[in-house]
Each structure stands twice: as C-alpha cells, then as structure tokens.
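Reckoned from all heavy atoms, side chains included, excluding hydrogens, waters and symmetry mates.
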Amino acid sequence: MMVPAALLLLGALTAVVAPRLLARADWPDREPVVALWVWQCVVAAVLLCCALSMALSAAAAWTVVRGRVFAPAPQGVVEAYALDSGGSWAVATAVALACGGLWTGTMLVREVLRDRRQRRRRHAELRLRAPLLPGEEPDGDRLVVVEGERPDAWWLPGPTPRLVITTAALRRLEGPQVDAVVAHEQGHARARHHWLLHCSAALAGGFPRVPVFAAFRDEMHRLVELAADDTASRRHGRLTIALALVGLNEDRGVFGPCPTPEDHVPQRVDRLLAPPERLTPVHRLRLTASAALVPVVPVLVAFVPALRALGRS
C-alpha cells in the first residue's frame with residue numbers, strides 16, 4: 001500500500017512546487033502559449049495522481065475492484081503491490097478520492113450548464129438588439145454591430161458563434177485597430193480558450209482551498225489574453241493592438257491610480273509596447289517536452305512494482 005501513498009505525496013508536492021516555480025519564472029509572459037500547455041500538464045499530473053491512487057486504494061479495499069484493475073496481470077504483479085495490507089486506510093482513501101472525483105465532475109457540469117444558460121441569454125439579447133434581416137441566414141463567425149455607449153467587443157461562442165462590437169467602439173477605434181480587435185477575439189475562438197476557462201473555473205470553484213486550482217484559474221484568464229494579443233499583433237502589429245486596448249478600456253478606470261487587482265490590461269499594454277524577447281525555438285521545444293513528461297511521472301510511479309515483478313520473473 002505504499003504506492004497510493006506515494007502518489008498522493010507526489011500529487012501534493014506537484015501542487016505546491018509547480019505553481020511557485022511558474023510564478024517565479026519570467027518566461028510565461030514571453031511565451032504564453034507554452035505557459036498554457038505547462039499549466040495544463042501540471043494540473044493533469046495532480047489529477048492523475050489522485051485517480052491512480054484512488055484506483056489502487058479501491059483495489060486494496062475491495063476484491064471485486066482488484067479483479068477488475070489487475071485482471072490481465074500475473075499473480076506476481078498483484079502480490080508486488082501488497083494490497084492486502086491496506087485495511088480501513090485503503091477504504092477511506094478510495095472513498096474520499098472517489099467523492100472528490102464526483103465533485104469535480106459535478107462542478108464541471110455545473111460550470112458548462114451555467115455558461116450555456118448565460119450564452120443562450122446573451123444570444124437572445126443579441127437577436128433583439130441585432131435581428132436577422134429578411135432572407136439572412138444565421139451563419140457562423142458573423143460580425144454583429146450593436147448600439148452601445150460603451151466601447152466593447154466580445155466573442156460569443158455557441159452553435160452560431162458571433163463576434164460582437166459596439167458602435168461606440170467603431171467610433172473610437174480606427175480601422176486597423178478594429179481589425180486587430182477582431183483578430184484578438186478570433187484568436188480566442190480558434191484556440192478554444194473558453195474550454196480552458198470552464199475547466200479552471202470548475203476546479204477552483206469545487207476546491208476553493210486548493211491553491212494550485214485557484215492559481216490555475218487566475219493564470220488561465222491572464223495567459224489566454226496574452227496569447228490572443230500575440231495572435232493579433234502578428235497580423236496587425238503590437239502598437240495597433242495596444243492602442244485598441246487603450247481605446248476600449250480607458251473609460252473603465254483600469255489605467256487609474258486604483259485599478260482592480262484582477263485587471264491585467266495595463267500590464268498587457270506595457271508588454272505590447274515593450275515586448276520581451278521571445279525564447280529560442282529550442283528552448284520552447286525543451287519546455288514543451290518537459291511539461292509533457294510531468295503527467296507521465298505518476299504513471300511510472302504506479303507501475304514501478306509491476307515492472308520490478310516482471311523483471312524478476
């Protein structure tokens with residue numbers, strides 16, 4: 001029964017150490033797409049540690065589960081895990097982790113359903129503000145201009161996605177800046193950033209006292225914006241998207257003396273105007289490959305007794 005405990009310890013260690021290392025590193029702002037990938041791998045490793053520990057604890061607690069988990073394995077492999085020594089600790093661990101898994105799924109379903117309700121409501125409001133013309137088909141990726149006193153633009157996903165921009169934004173922004181805003185929102189849509197936001201919000205909402213999930217949610221909100229900024233700047237230039245951000249947000253107080261802590265617009269503008277040097281392709285590849293190996297570690301830990309038993313036989 002040492003393997004489930006080792007997996008839980010590994011998951012806790014990853015959840016504590018990885019966010020601190022990422023917070024101290026200076027490269028996530030330089031390579032937001034790589035940072036998004038690294039964060040996903042870290043969270044996947046933590047969840048995988050819990051799932052594998054739950055499976056092995058359940059196998060130790062109940063014979064029926066053990067037969068399912070180790071059905072094709074030789075007897076020597078089963079004995080290598082010392083499953084008979086689990087006792088009540090194995091039952092408690094398996095039940096607690098199973099409840100955590102069910103709670104995670106419930107939070108994800110709740111987040112998706114809540115977003116679907118909000119999306120339907122916003123689509124209905126949009127149909128009232130900008131109805132289809134006679135004979136017009138509700139095709140996807142449609143740019144919709146709505147009356148509004150506040151400069152704004154947003155992407156509305158769904159079966160018929162919409163890119164919405166207000167008349168105030170069109171009045172304030174110049175032509176290239178409008179194109180940059182459109183490219184920014186299209187970058188969100190192509191990368192499916194809303195799914196990352198759903199998953200991170202579900203984990204942070206379900207486990208608010210787990211720091212790694214709260215940091216995951218906060219960093220997803222920040223990094224997806226940086227990634228979309230880079231997408232737009234590659235097509236329209238950094239100065240253009242920076243001026244567009246200023247134009248859309250200057251009336252919201254984000255550039256004042258007391259901006260909200262969660263608003264990263266000033267930092268995004270500074271990053272666009274004074275872009276940090278990007279990592280070399282080799283360095284980016286090394287970070288990507290290293291992050292991909294993080295979820296592999298729990299699998300290797302779980303299979304160590306089996307590999308040793310097979311090696312002896």
**Request:** Can you sort out the partners of Phe213 under ring pair (Phe, Tyr, Trp, His ring centres under 6.0 Å), two or more places apart, ordered by chain and number?
**Result:** Phe207
**Complete:** Sequence neighbours excluded, the answer for salt bridge (Lys or Arg N to Asp or Glu O under 4.0 Å) partners of Glu174 is none
**Request:** Go through the steps for Thr104 and Leu203 under the test side chain to side chain contact (heavy atoms under 4.5 Å, CB included), then give the verdict.
**Result:** CA-CA 6 Å; Thr104 301; Leu203 289 172; 3.6 Å; yes
**Prompt:** Within a strict 4.5 Å, meaning less than it, do heavy atoms of the Thr14 and Leu10 side chains meet?
**Reply:** yes
**Item:** Which residues share a ring pair (Phe, Tyr, Trp, His ring centres under 6.0 Å) with Trp62, sequence neighbours left out
**Value:** none
**Request:** Report yes if the side chains of Val46 and Phe216 come closer than 4.5 Å at any heavy-atom pair, otherwise no.
**Result:** no
**Message:** Looking at Gly148, is its backbone amide N or carbonyl O close enough to the side chain of Thr167 to form a donor-acceptor pair, meaning the two atoms are under 3.5 Å apart?
**Reply:** yes
**Message:** Applying salt bridge (Lys or Arg N to Asp or Glu O under 4.0 Å), can you list everything that pairs with Arg238, at least two apart in sequence or on another chain?
**Reply:** Asp230
**Item:** Sequence-distant partners of Glu31, side chain to side chain donor-acceptor pair (under 3.5 Å), two or more places apart
**Value:** Arg278
**Partners passing salt bridge (Lys or Arg N to Asp or Glu O under 4.0 Å) against Arg114 (at least two apart in sequence or in another chain)** = Glu111
**Message:** Can you confirm whether Val43 sits close enough to Leu47 that some side-chain heavy atom of one is under 4.5 Å from a side-chain heavy atom of the other?
**Reply:** yes
**Message:** Using the side chain to side chain donor-acceptor pair (under 3.5 Å) criterion, which residues pair with Arg121? Sequence neighbours excluded.
**Reply:** Glu125
**Request:** Give a yes or no answer on whether the side chain of Arg271 reaches the backbone of Asp29 with a donor-acceptor pair at less than 3.5 Å.
**Result:** yes
**Prompt:** Among pairs that include at least one residue of residues 168-193, which meet ring pair (Phe, Tyr, Trp, His ring centres under 6.0 Å), considering only residues two or more places apart or in two chains?
**Reply:** His184-His188, His188-His193
**Nearest-0.5 Å distance that lies between atom NE2 in His221 and atom CG in Leu197** = 5.0 Å
**Message:** Holding to salt bridge (Lys or Arg N to Asp or Glu O under 4.0 Å), I want the full list of residues that pass it with Arg30, two or more places apart in sequence or in another chain.
**Reply:** Asp26
**Asked** Counting distance only, does the side-chain N/O of Ser53 pair as donor-acceptor with the main-chain N or O of Pro4 below 3.5 Å?
**Response** yes
**Prompt:** Can you name the side chain to side chain donor-acceptor pair (under 3.5 Å) partners of Glu219, sequence neighbours left out?
**Reply:** Arg222
**Message:** Once side-chain contact (heavy atoms from CB on, under 4.5 Å) is applied, do any residues pair with Leu273, and if so which ones, sequence neighbours excluded?
**Reply:** Leu239, Ala242, Val269
**Asked** So does Gln118 have more than 12 non-hydrogen atoms from other groups sitting under 6.0 Å from CD?
**Response** yes
**Prompt:** Within a reach of under 6.0 Å around CH2 of Trp103, are more than 12 heavy atoms found that belong to other residues, nucleotides or ligands?
**Reply:** no
**Fill in**
Separation between NE2 (His194) and CG (Asp115), nearest 0.5 Å, reads 7.5 Å
**Test side chain to side chain donor-acceptor pair (under 3.5 Å) applied to Glu250 - qualifying residues, sequence neighbours left out** = Arg172
**Request:** Kindly indicate whether the side chain of Val3, heavy atoms from C-beta on, has any atom under 4.5 Å from the side chain of Phe303.
**Result:** no
